[in-house]
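Reading through the structure tokens given below for one structure.
Below, chain A is the first sequence line, B the second, and so on; all start at residue 1.
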Amino acid sequence: MLRVISLPLAVFTLLAADGNAQVTSPGESPADSITRALDVLRTELGLTDLPAAGSFTRGDVSIAAGTRVDSAIGIHDGTLTVRGNVGHTVVVMNGDLVLDNGGVIEGDAVVVRGRIVMQGGVLRGAGITLGGDLRAPDTPAPVRTGLERVWHEVGVTLATLAIMIVLGIGVLLFAGGYLNGAADALALHPGKSFLIGILSQLATLPLLVLMIVALALTIIGLLLIPFAIVAFFLAVLGVCALGFLASAQVAGTAFGSRTAQDMPRRRMLLRALLMGVMLMGSVWLLAALTSATPIVGAALRGFAIVMTWVAVTAGVGAALLSRFSRRDAQPSSAAPEPEDISWQTPTPVTGVAAARRPVTTGAGGGEQ
Amino acid sequence: MKRIATFLLASALAATAAEAQVWRSVKIDRVLADSAPLNINVRFEEGTLELRRGENERAYSLSLSYDAQRVIPRHRFDSASRVLSLGTERHGSARLGGDYRGEARVDIPALIPANVSIDVGAASSTLDLGGLTLNNLHFRTGASQTVLRFDEPNRGPLQHMTIDGSAGIIRATGLANARAAAITVQAHLGAVDLDFGGEWTTDITADLRLVLARAVLHVPRDVGVEIEASRVLSSFNPEGFTRTGDIYRTSNWDSATRRLRITASSVLGSLSIERSAPSM
């Protein structure tokens, strides 16, 4: 049901949001409309020799042959026919400008929502026709006050925290093995993890260059370079996120209550992860709350940055450590060493190795 | 779950479209009173650009369809210094990029001698420069796709032409029609396809500088080609060329009435030369 309602609603919103259709605001006075158009001509097209908004006349106007006008002319909702001489810019809104035989405009000819019709006259300046939506574009965001800045920083921090929590839950659900492996490695070897993390950061750029060089050796590889660069940065980002979450989980476990030990393992891990993320987030939140105060805010922010860097570095190192140690350890884990219990039974509990007997298969068969 | 996903998608689409856009159209043209040389600077930030010879051979024109939230028109003509600036420029600190449908068409007066400088950002551009009176041409582009054509010969010799592309694809055709004695092409992280077809009125010296880029040159069979290439981890297949020291020459180098001298430097790139139909 929701899908049935939401799609037409979205389509309606799309149509309503198309600003092209709306040219003038309903109920807007001609004076406002003229002011807006003159603003566009002034700010976007750099025109300076323009008639004042209050000097615009409504309806058809004709400059007779043999007459000269030494000021800028503005008319709206009508046609301006020039047969004489105009020494400045001419602006016509919601109408046409006809430059008739013998007519001369020394300045620019500007028509807003209309046409310039040349019928033998001379235009010395530029002919400019303007159309479309003449609303003023949004002004740049004003400088925030202290309290506004605090709210903004808090909002950004909470949003980031929420994203990290969602990401953490997702990783725990779908890649829990990697996360737990990294967290275990970090808990067991924090120093080693941090060192590996720093080394991996130092190796990132050379690795990227090496990858580009390797790809550039072939024409197909050359074409793949942009994609490879994007993929590389995504992979780095993913490992960093995993590292941060692993650090958060370790921190959460360390700060977790003893009652958590009795929970099911998955729930315990989730609890530890959430606690860790919130713990780290709380430092950022403190920095956000004090962002209006220069020294304390900057110090807390600096502390939060360093803390996060250490967490990500150690976490990345732990993730790499767990990954490679798992790979190294794989053959031994596949065939675990039996305990030394051979003394308990007269027959060897580890079994007796048996050689396969050669089998003959058909005429051409041999040993298998 | 599916319903929630649909709702989220629809909301995201609506939110994207609801981003305030202020679309305007403007057309600016001017008939020039005299034929004194012009310095034309065209700058276009994003969207689609078409540049060509104007119907009125003494007039220039700029037609734009633009979102005033992102860009504003660029039009300045200084009759004293003869500098004409056309195109768009970023509106304040507006963010560019993404899906943008802005369009521009620039008409250049054919009979007015001009030094033309074209600077294109993340845009798709078609530049038909045939039949103009270009003295110098400098074309620079960012992450874009460009077709640069000389369908008709330039009305006079073009002193120097520079094509500078970064992270883009540039295809130039009819380069002999440009009547340029010297062409410099720089490509970084992209591809250039240079067709030296057209009417050969002078020998051409081409300087190619490639970094992580691929260049393919199409040269008429009757034109003698000489290449001096310095390469670092780059490929170059000198098929049909005879090597003398560091210089490669085609077999018709001594007998050819028109010659193309190429100095190429390439780092992590590739250069290939294909022979096309004889020149006009």
Side-chain angles (χ1 to χ4, degrees), chain A residues 1-23 40-41 43-47 108-113 116 118 122-141 212-213 215-219 222-223 225-226 229, chain B residues 2-31 33 59-77 91-94 143 167 189-191 212-214 233-235 267-270 272:
Chain A
M1 185 62 186
L2 185 60
R3 182 171 47 183
V4 175
I5 294 169
S6 61
L7 271 177
L9 185 71
V11 172
F12 174 75
T13 317
L14 278 167
L15 291 173
D18 185 4
N20 293 345
Q22 189 183 347
V23 174
V40 172
L41 296 173
T43 57
E44 293 182 16
L45 297 171
L47 301 179
D108 296 330
V110 183
V111 174
V112 180
R113 295 189 209 110
I116 298 175
M118 298 295 285
V122 176
L123 174 61
R124 302 230 192 273
I128 300 170
T129 51
L130 178 67
D133 189 344
L134 297 185
R135 284 179 300 161
D138 293 341
T139 48
I212 292 172
V213 170
L215 284 171
L217 294 176
T218 60
I219 290 176
L222 203 66
L223 297 173
I225 285 174
I229 291 171
Chain B
K2 206 172 176 183
R3 287 175 182 176
I4 293 169
T6 311
F7 179 73
L8 285 174
L9 181 68
S11 306
L13 280 170
T16 310
E19 263 180 28
Q21 293 183 332
V22 180
W23 283 96
R24 308 200 215 287
S25 61
V26 67
K27 182 168 192 265
I28 303 166
D29 47 30
R30 184 194 299 264
V31 179
Y60 70 82
S61 133
L62 167 69
S63 300
L64 277 180
S65 167
Y66 67 102
D67 177 8
Q69 296 278 23
R70 296 161 72 113
V71 295
I72 56 171
R74 185 171 186 260
H75 169 242
R76 279 181 286 277
F77 175 61
H91 179 216
S93 55
L189 203 69
L212 280 168
R214 180 173 60 90
L233 288 171
S234 299
S235 65
V267 179
L268 293 169
S270 78
S272 61

Quick one: side-chain contact (heavy atoms from CB on, under 4.5 Å) partners of I229(A), sequence neighbours excluded? L208(A), I212(A), I225(A), F233(A)
Tell me every residue that passes side-chain contact (heavy atoms from CB on, under 4.5 Å) with I72(B), counting only those two or more places apart in sequence or in another chain. E44(A), E89(B), H91(B)
In Å, rounded to the nearest 0.5 Å, how long is the span from CD1 of I28(B) to CZ of R74(B)? 12.0 Å
At a 4.5 Å cut-off on heavy atoms, which part of L130(A) comes close to chain B: side chain, backbone, both, or neither? both
When A216(A), A126(A), G125(A) are compared by non-hydrogen pairs under 4.5 Å with chain B, the top option: A126(A)
Select one option (side chain, backbone, both, neither) describing which atoms of V40(A) are under 4.5 Å from chain B's heavy atoms. side chain
Relative to chain B, which of V112(A), I128(A), T129(A) shows the most heavy atom pairs under 4.5 Å? T129(A)
A68(B) versus chain A, the contacting section by heavy-atom distance below 4.5 Å: both
Taking the side chain from R24(B) and the backbone from D133(A), do they hold a donor-acceptor pair closer than 3.5 Å? yes
Rounded to the nearest 0.5 Å, the CZ atom of R214(B) sits from the OG atom of S234(B) at a distance of 13.5 Å
